[in-house]
Amino acid sequence: MQLSRKFQKLFSFDTAESLWEHVCRWTHPVSSRRILATLDEAELARLREHYPYRPNARKINAYENAAYWIDRNIEYAQDLWLDRSPPLHILDLGCGAGYFLYICRLFGHEGLGLDTDEEPLFRGTTELLNVRRVVSRIHPQVALPDLGEKFDLITGHRVCFHRVARAANGEWTEWAPADWNFFINDIRARFMKPDGRLLLDFNPRSDGSSFFTRELRACFLAQGARIFRSKTLLAANPSRRPRFKQI
């Protein structure tokens with residue numbers, strides 16, 4: 001039975017989509033070494049001394065590991081073809097340390113981040129990378145702050161702002177479909193240019209299953225979303241099918 005499940009995973013549609021993403025990146029390689037060389041290693045070292053490595057942190061949470069996060073964010077950018085597209089104005093929700101917007105700037109784009117100010121390392125790194133950032137928290141059914149500008153692309157990677165509270169058993173209380181509808185409508189009405197796109201990329205659930213339960217999948221599809229693996233992509237016009245490749 002275990003071998004059967006392994007074969008199912010090997011030949012699953014999700015695996016085929018993952019392979020397609022890798023092929024697209026491979027055909028247009030981006031040198032992470034060259035991007036790392038643009039960083040001020042002395043200042044990064046100073047930040048690491050000021051905010052030391054957390055020995056028990058999982059690699060995926062070790063935001064001070066610039067090499068790891070440069071690699072990951074190059075992938076995020078390539079999956080949206082940002083290494084080949086004309087200059088875009090980008091808003092990154094939950095911008096964290098700012099690596100994504102830094103890479104986007106190297107590709108010729110202009111960006112603004114939005115995040116809380118609870119992690120001092122993020123504050124130090126965004127300042128080092130010269131990434132513009134608005135400090136704000138995203139709440140259910142509360143409009144985002146007025147940013148005074150509209151965007152070609154709005155992104156959120158490893159989205160977690162939809163998690164409201166965590167129970168003793170580790171399970172999260174999350175946004176309901178009504179909360180997502182409010183959020184999407186607010187983004188569309190106030191922050192997206194006519195040809196704008198909204199990309200949200202979600203972590204899998206604790207049991208390894210997709211973020212998109214049947215109810216949430218129906219909610220996003222009703223908003224005109226295109227769902228691809230852990231990602232959902234929405235156009236400014238809900239009747240228009242959005243495209244990851246927009247060059």
Side-chain angles (χ1 to χ4, degrees), residues 12-14 17-18 58 60-61 72 76 79-80 90-96 100 112-119 122 133-147 149-244:
S12 69
F13 187 61
D14 188 72
E17 290 180 327
S18 176
R58 294 184 303 160
I60 198 167
N61 289 325
R72 294 292 291 123
Y76 296 155
D79 289 345
L80 286 163
I90 300 171
L91 171 64
D92 190 32
L93 304 174
C95 63
F100 176 71
L112 174 68
L114 185 146
D115 210 337
T116 64
D117 196 34
E118 297 174 353
E119 174 56 72
F122 291 174
R133 184 180 72 150
V134 171
V135 175
S136 180
R137 182 178 295 278
I138 301 174
H139 294 285
Q141 303 211 30
V142 176
L144 292 181
D146 182 14
L147 302 177
E149 48 192 312
K150 292 198 174 186
F151 302 86
D152 302 294
L153 176 65
I154 299 170
T155 58
H157 295 102
R158 302 181 71 245
V159 171
C160 58
F161 56 74
H162 64 291
R163 294 172 175 174
V164 180
R166 196 168 195 170
N169 64 359
E171 294 296 322
W172 286 95
T173 301
E174 298 180 357
W175 286 11
D179 302 318
W180 281 114
N181 286 330
F182 180 96
F183 171 78
I184 294 169
N185 292 335
D186 182 48
I187 291 287
R188 277 178 166 149
R190 300 173 54 229
F191 301 103
M192 295 177 77
K193 293 182 180 180
D195 292 324
R197 293 171 296 162
L198 168 64
L199 181 283
L200 300 174
D201 190 1
F202 296 92
N203 293 313
R205 298 187 179 277
S206 56
D207 62 359
S209 63
S210 170
F211 161 81
F212 296 103
T213 62
R214 180 175 297 181
E215 182 183 37
L216 289 174
R217 181 176 290 270
C219 168
F220 280 92
L221 290 177
Q223 285 278 2
R226 178 179 178 183
I227 296 174
F228 183 86
R229 301 185 69 214
S230 61
K231 307 178 183 71
T232 182
L233 185 68
L234 300 104
N237 184 343
S239 64
R240 180 180 297 177
R241 181 170 173 78
R243 299 180 62 187
F244 287 91

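Residue indices begin at 1 and follow the sequence shown.
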Query - side chain to side chain contact (heavy atoms under 4.5 Å, CB included) between Val159 and Asp201, worked out - result: CA-CA 6 Å; Val159 171; Asp201 190 1; 5.6 Å; no

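- Between the SG atom of Cys219 and the CZ atom of Arg214 there is a distance of 15.5 Å, given to the nearest 0.5 Å.
- With rounding to the nearest 0.5 angstrom, the CZ atom of Phe211 is 4.5 Å from the CG atom of Leu216.
- In this view, Arg133 and Asp117 satisfy the side chain to side chain donor-acceptor pair (under 3.5 Å) rule, not counting sequence neighbours.
- Annotation: side chain to side chain donor-acceptor pair (under 3.5 Å) contacts of Thr232 (sequence neighbours excluded): none.
- Listed by chain and residue number, nothing satisfies the side chain to side chain donor-acceptor pair (under 3.5 Å) test with Asp115 (two or more places apart in sequence, or in another chain).
- Atoms NE2 and CG, from His157 and Leu199 in turn, are 5.0 Å apart once rounded to the nearest 0.5 Å.
- In summary, of the residues considered (Ile154, Thr155, Leu233), a side-chain contact (heavy atoms from CB on, under 4.5 Å) with Arg197 occurs for Leu233 alone.
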Under 3.5 Å, sequence neighbours excluded: what are the donor-acceptor pairs made by side chains of residues 182-192?
unit_1, atom_1, unit_2, atom_2, d
Asn185, OD1, Gln223, NE2, 3.4
Asn185, ND2, Asn181, O, 3.0
Asp186, OD1, Arg190, NH1, 2.8
Asp186, OD2, Leu144, N, 3.1
Asp186, OD2, Arg190, NH1, 3.2
Arg188, NE, Ala235, O, 2.9
Arg188, NH1, Gln223, O, 3.3
Arg188, NH1, Gln223, OE1, 2.6
Arg188, NH2, Gln223, O, 2.7
Arg188, NH2, Ala235, O, 3.0
Arg190, NH1, Leu144, O, 2.9
Arg190, NH2, Leu144, O, 2.9

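- Here Arg240 pairs with Asp195 under the salt bridge (Lys or Arg N to Asp or Glu O under 4.0 Å) rule; sequence neighbours left out.
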**Report entry** From CA spacing to verdict: side chain to side chain contact (heavy atoms under 4.5 Å, CB included), Leu114, Asp92
**Finding:** CA-CA 6 Å; Leu114 185 146; Asp92 190 32; over 6 Å; no

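- The salt bridge (charged side-chain N to carboxylate O under 4.0 Å, His left out) pairs that include a residue from residues 217-228 number zero, where partners must be two or more places apart or lie in different chains.
- The side-chain hydrogen bond (donor to acceptor under 3.5 Å, both in side chains) pairs that include a residue from residues 161-175 are Glu174-Arg205, where partners are two or more places apart or lie in different chains.
- Taking the salt bridge (Lys or Arg N to Asp or Glu O under 4.0 Å) definition, one finds that Asp179 meets it with nothing, sequence neighbours left out.
- The side chain to side chain donor-acceptor pair (under 3.5 Å) test applied to Ser206 returns no partner, not counting sequence neighbours.
- A ring pair (Phe, Tyr, Trp, His ring centres under 6.0 Å) with Phe228 holds for exactly one of Phe244, Phe202, Phe220; it is Phe244.
- Legend: residues meeting side-chain contact (heavy atoms from CB on, under 4.5 Å) with Lys193, ordered by chain and number and at least two apart, are His89, Lys150, Asp152.
- What you find for Pro204 and Gly208 is that their closest heavy atoms are CB-O, 4.1 Å.
- The distance from the CG atom of Leu200 to the OG atom of Ser230 is 10.5 Å, given to the nearest 0.5 Å.
- Closest approach of Pro194 and Ala236 over heavy atoms only: O-CB, 3.4 Å.
- Interatomic distance, CG of Leu198 versus CG of Leu153, reported as 8.5 Å (0.5 Å rounding).
- Considering only residues two or more places apart in sequence or on other chains, Ser210 meets the side-chain contact (heavy atoms from CB on, under 4.5 Å) condition with Phe212.
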